[in-house]
Amino acid sequence: MHMGSSRRRFLETAARAAALPGAAAFFAAWLPAQEHQHTSTAPPDPGFFNNYTPKFFDADDFAALQSFTEILIPTDDTPGAREAHCAHYIDFVTQAAAPKTQQQWRGAMAKLKEAGFHSADAHGKAELIEAMSQPERHRSAEHRAFSAYLLIKQSNTFAFYTSRAGMIEALDYRGNSYNVSFPACTHPEHQKV
């Protein structure tokens with residue numbers, strides 16, 4: 001999957017999702033979801049996500065997707081996929097995706113289930129993700145669920161870094177701002193003319 005076309009597809013799907021019934025409520029809860037100070041403990045989830053019912057995935061696939069996204073981007077001293085509600089975002093926008101994309105997601109979740117991801121404990125899930133990711137680092141490595149890993153990783157990355165938790169809390173993005181003045185360079189090697 002080429003990243004440029006994937007980004008375009010993610011944006012197109014998100015735009016279609018914005019027109020869905022319930023989109024205003026979903027995005028109103030998702031965009032400001034985690035306005036908190038940097039702490040190592042996750043704040044409580046907003047009520048909207050506590051009562052969220054998956055729109056595209058069944059309950060087992062959604063739970064697996066949540067686990068997968070949280071392993072890929074864990075919570076540490078900055079928010080992770082859990083705080084960014086990446087699985088919720090992926091589920092919500094996938095319901096508006098093109099049939100080909102929806103079919104790709106169904107296939108990916110089936111591959112995860114076949115690999116034993118759904119039924120594995122937390123340690124087993126982390127080991128499976130490590131095994132699935134091997135072809136990314138080693139050309140000779142293969143894993144039958146590698147395509148599922150890539151799809152989830154790319155979607156999770158997009159969801160995280162377009163969320164408030166990813167963009168503002170983790171990256172400390174301050175918006176389109178400018179410097180009023182530019183301090184002079186203090187490096188001695190740059191002081192010689």
Side-chain angles (χ1 to χ4, degrees), residues 1 3 6-7 9-10 13-14 29-30 33-34 36 38-46 48-50 52-95 97 101-102 104-139 141-172:
M1 183 182 311
M3 200 56 180
S6 296
R7 195 171 312 124
R9 188 178 63 237
F10 293 146
T13 301
W30 182 73
Q34 297 300 326
H36 66 280
H38 296 288
T39 61
S40 59
T41 58
D45 289 335
F48 182 88
F49 293 108
N50 288 337
Y52 182 79
T53 302
K55 310 297 183 223
F56 177 77
F57 298 104
D58 65 31
D60 288 342
D61 283 349
F62 184 73
L65 180 64
Q66 277 189 296
S67 296
F68 205 110
T69 62
E70 292 171 13
I71 291 168
L72 289 177
I73 305 177
T75 301
D76 50 23
D77 59 333
T78 60
R82 179 176 0 117
E83 292 78 24
H85 303 286
C86 291
H88 297 83
Y89 177 86
I90 293 167
D91 173 70
F92 190 83
V93 300
T94 301
Q95 71 174 316
T101 302
Q102 290 180 342
Q104 189 178 19
W105 272 104
R106 297 217 187 278
M109 298 315 287
K111 285 180 183 180
L112 286 186
K113 194 173 276 190
E114 288 169 14
F117 187 84
H118 287 57
S119 59
D121 63 9
H123 181 71
K125 287 178 178 176
E127 286 182 344
L128 278 167
I129 291 174
E130 174 65 28
M132 286 178 219
S133 71
Q134 287 300 312
E136 192 171 51
R137 293 184 299 280
H138 307 288
R139 290 183 183 214
E142 293 181 14
H143 196 284
R144 64 182 180 202
F146 179 64
S147 61
Y149 163 81
L150 277 181
L151 179 63
I152 296 169
K153 178 185 172 188
Q154 290 174 345
S155 299
N156 191 44
T157 301
F158 182 85
F160 184 73
Y161 288 109
T162 55
S163 74
R164 177 178 184 79
M167 186 182 302
I168 295 173
E169 310 263 339
L171 292 179
D172 200 28

Decide yes or no on side-chain contact (heavy atoms from CB on, under 4.5 Å) for L65 and T69, but give the supporting numbers first. CA-CA 6 Å; L65 180 64; T69 62; 4.1 Å; yes
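In this structure, the side chains of M109 and D58 stay at 4.5 Å or more apart for every pair of heavy atoms. Taking 4.5 Å as the limit, every side-chain heavy atom of F117 sits out of range of all side-chain heavy atoms of K111. The shortest distance between side-chain heavy atoms of Y149 and F68 falls below 4.5 Å.
No donor-acceptor distance shorter than 3.5 angstrom exists from the side chain of Q134 to the backbone of A131, with no hydrogens or angles considered.
By the 30° and 60° cut-offs, the orientation of the rings of F57 relative to W105 is perpendicular. The aromatic rings of H88 and H85 stand perpendicular to each other, their planes meeting at an angle above 60°, with 30° marking the opposite boundary.
The nearest pair of heavy atoms linking A108 to L151 is CB-CD2, 3.9 Å. In terms of heavy-atom proximity, S163 sits nearest to A84 at OG-CB, 3.3 Å. Between A115 and R144, the closest heavy-atom pair is CA-NH2, 3.4 Å. Taking each heavy atom of K125 and S67 in turn, the nearest pair found is NZ-OG, 3.5 Å. The shortest heavy-atom contact between A87 and F62 is O-CE1, 3.5 Å. Shown here for Q102 and A97, the closest heavy-atom pair between the two residues is NE2-O, 3.5 Å.
Considering only residues two or more places apart in sequence or on other chains, R137 meets the side-chain hydrogen bond (donor to acceptor under 3.5 Å, both in side chains) condition with E130, S133. Shown here are the ring-ring contact (aromatic ring centres under 6.0 Å, His included) partners of F56, two or more places apart in sequence or in another chain: there are none.
Applying the side-chain hydrogen bond (donor to acceptor under 3.5 Å, both in side chains) test to every pair with at least one member in residues 114-123, sequence neighbours left out, gives these pairs: D61-H118, H123-E127.
In this structure, the separation between CD on E83 and CZ on F160 is 8.0 Å, given to the nearest 0.5 Å. Distance check, rounded to the nearest 0.5 Å: CG of N156 to CG of L72 gives 5.5 Å. The structure places OG1 of T94 at 13.0 Å from NZ of K55, a figure rounded to the nearest 0.5 Å. Going from atom CD1 of I71 over to atom CG of L128 covers 9.0 Å, rounded to the nearest 0.5 Å.
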